Amino acid sequence: QVQLVESGGGLVQAGGSLRLSCAASGRTFSRYAMGWFRQPPGKEREFVAAIDWTGGSTDYADSVKGRFTISRDNAKNTVYLRMNSLKPEDTAVYYCAADSNPFTTAQTMGVMEKLAALDAWGQGTLVTVSS
């Protein structure tokens with residue numbers, strides 16, 4: 001089973017940028033759909049972005065479309081989340097997750113998360129956006 005480790009979180013001013021990384025162990029990383037989720041303080045975890053195993057299909061929550069970009073480098077076993085134009089409401093713990101189901105697409109990662117069907121989660125990285 002793949003293991004995930006996030007990095008890149010921190011404190012940033014509103015309007016700033018951060019890039020999160022999620023490093024995966026395991027030789028089958030390239031076959032996993034990957035997603036980013038976040039949990040704001042006092043709220044439930046929510047879908048942010050996802051990418052299929054080929055890297056050719058992505059999906060985003062409406063709240064981050066046009067500001068965040070998910071990408072992956074299968075040679076480095078890493079998935080990234082580039083976050084631009086950050087807002088205070090983006091403050092959250094950000095988690096990456098993996099799904100080995102070959103039928104899971106970028107568009108269904110959020111559904112799979114609600115079904116508690118994702119294979120692995122990272123420990124999370126805190127992003128704090130100050131106003």
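Counting from 1, the numbers follow the sequence of the chain as shown. A quick note: this is a predicted structure, and the numbers were derived from the prediction, not measured.
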Item to check | Evaluation steps, side chain to side chain contact (heavy atoms under 4.5 Å, CB included), between Leu20 and Trp36 | outcome: CA-CA 10 Å; Leu20 305 183; Trp36 285 96; 3.6 Å; yes

With no hydrogens and no angle check, is any side-chain donor or acceptor of [X] less than 3.5 Å from a backbone partner on [Y]?
| X | Y | result |
| --- | --- | --- |
| Arg67 | Ser85 | yes |
| Thr28 | Arg31 | no |
| Tyr95 | Gly35 | no |
| Ser25 | Gln3 | yes |
| Thr125 | Gly9 | yes |
| Asp52 | Ala106 | no |

Rounded to the nearest 0.5 Å, how far apart are [atom1] of [X] and [atom2] of [Y]?
| X | Y | atom1 | atom2 | answer |
| --- | --- | --- | --- | --- |
| Leu11 | Leu126 | CG | CG | 9.0 Å |
| Asp119 | Asn101 | CG | CG | 8.0 Å |
| Ser71 | Arg82 | OG | CZ | 10.5 Å |
| Thr58 | Arg72 | OG1 | CZ | 12.0 Å |

Heavy-atom closest pair, residues [X] and [Y]:
| X | Y | result |
| --- | --- | --- |
| Glu113 | Arg45 | OE2-NE, 2.8 Å |
| Gly122 | Glu6 | CA-OE2, 3.2 Å |
| Leu4 | Ala24 | CD2-CB, 3.6 Å |
| Ala98 | Met34 | CB-SD, 3.5 Å |
| Phe29 | Val79 | CZ-N, 4.2 Å |

Item to check | Residues in ring-ring contact (aromatic ring centres under 6.0 Å, His included) contact with Trp121, at least two apart in sequence or another chain | outcome: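 ring-ring contact (aromatic ring centres under 6.0 Å, His included) check on Trp121 returns Phe37.
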
Checklist entry - Between Lys87 and Asp90, is there a side-chain N and carboxylate O pair less than 4.0 Å apart? => result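 No salt bridge links Lys87 with Asp90.
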
Checklist entry - Hey, are the side chains of Glu89 and Pro40 touching, using non-hydrogen atoms and a 4.5 Å cut-off? => result no

Checklist entry - Taking it one step at a time, do Asn84 and Phe68 satisfy side chain to side chain contact (heavy atoms under 4.5 Å, CB included)? => result CA-CA 6 Å; Asn84 295 329; Phe68 291 11; over 6 Å; no

Is [Y] reachable from [X] through a run of I, L, V, M, F, W or Y residues, each pair having side-chain heavy atoms under 4.5 Å apart?
| X | Y | answer |
| --- | --- | --- |
| Ile51 | Val64 | yes |
| Tyr60 | Tyr94 | yes |
| Val2 | Trp53 | no |
| Val12 | Leu81 | yes |
| Tyr80 | Ile70 | no |

Next on the checklist: Could you check whether Thr78 and Asp73, counting side-chain N and O atoms only, form a donor-acceptor pair closer than 3.5 Å?
Outcome noted: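 Absent: no donor and acceptor within the cut-off.
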
Checklist entry - For Asn74 and Ser30, does a side-chain donor sit closer than 3.5 Å to a side-chain acceptor? => result no

Checklist entry - Tell me, which pairs form a disulfide (SG to SG under 2.5 Å) where one or both residues lie in residues 96-131, sequence neighbours left out? => result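 For residues 96-131, and leaving out neighbouring residues, the disulfide (SG to SG under 2.5 Å) pairs sorted by first residue read Cys22-Cys96.
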
Checklist outcome for this item: So disulfide (SG to SG under 2.5 Å) across residues 28-82, not counting sequence neighbours, yields none

Next on the checklist: One pair to check against side chain to side chain contact (heavy atoms under 4.5 Å, CB included): Val127 and Met83. What are the steps and the verdict?
Outcome noted: CA-CA 10 Å; Val127 172; Met83 305 185 295; 3.9 Å; yes

Next on the checklist: Does the structure place the NZ or CZ of Arg38 under 6.0 Å from the centre of the six-membered ring of Phe47, at an angle of no more than 45° from the ring's axis?
Outcome noted: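 Judged by the rule (NZ or CZ under 6.0 Å from the ring centre, within 45° of its axis), Arg38 is not positioned above Phe47.
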
Next on the checklist: Before you tell me yes or no, could you show the steps for Asp99 and Met109 under side chain to side chain contact (heavy atoms under 4.5 Å, CB included), namely the whole-Å CA-CA distance, both residues' side-chain angles and the distance that decides it to 0.1 Å?
Outcome noted: CA-CA 8 Å; Asp99 190 358; Met109 279 288 285; 3.9 Å; yes

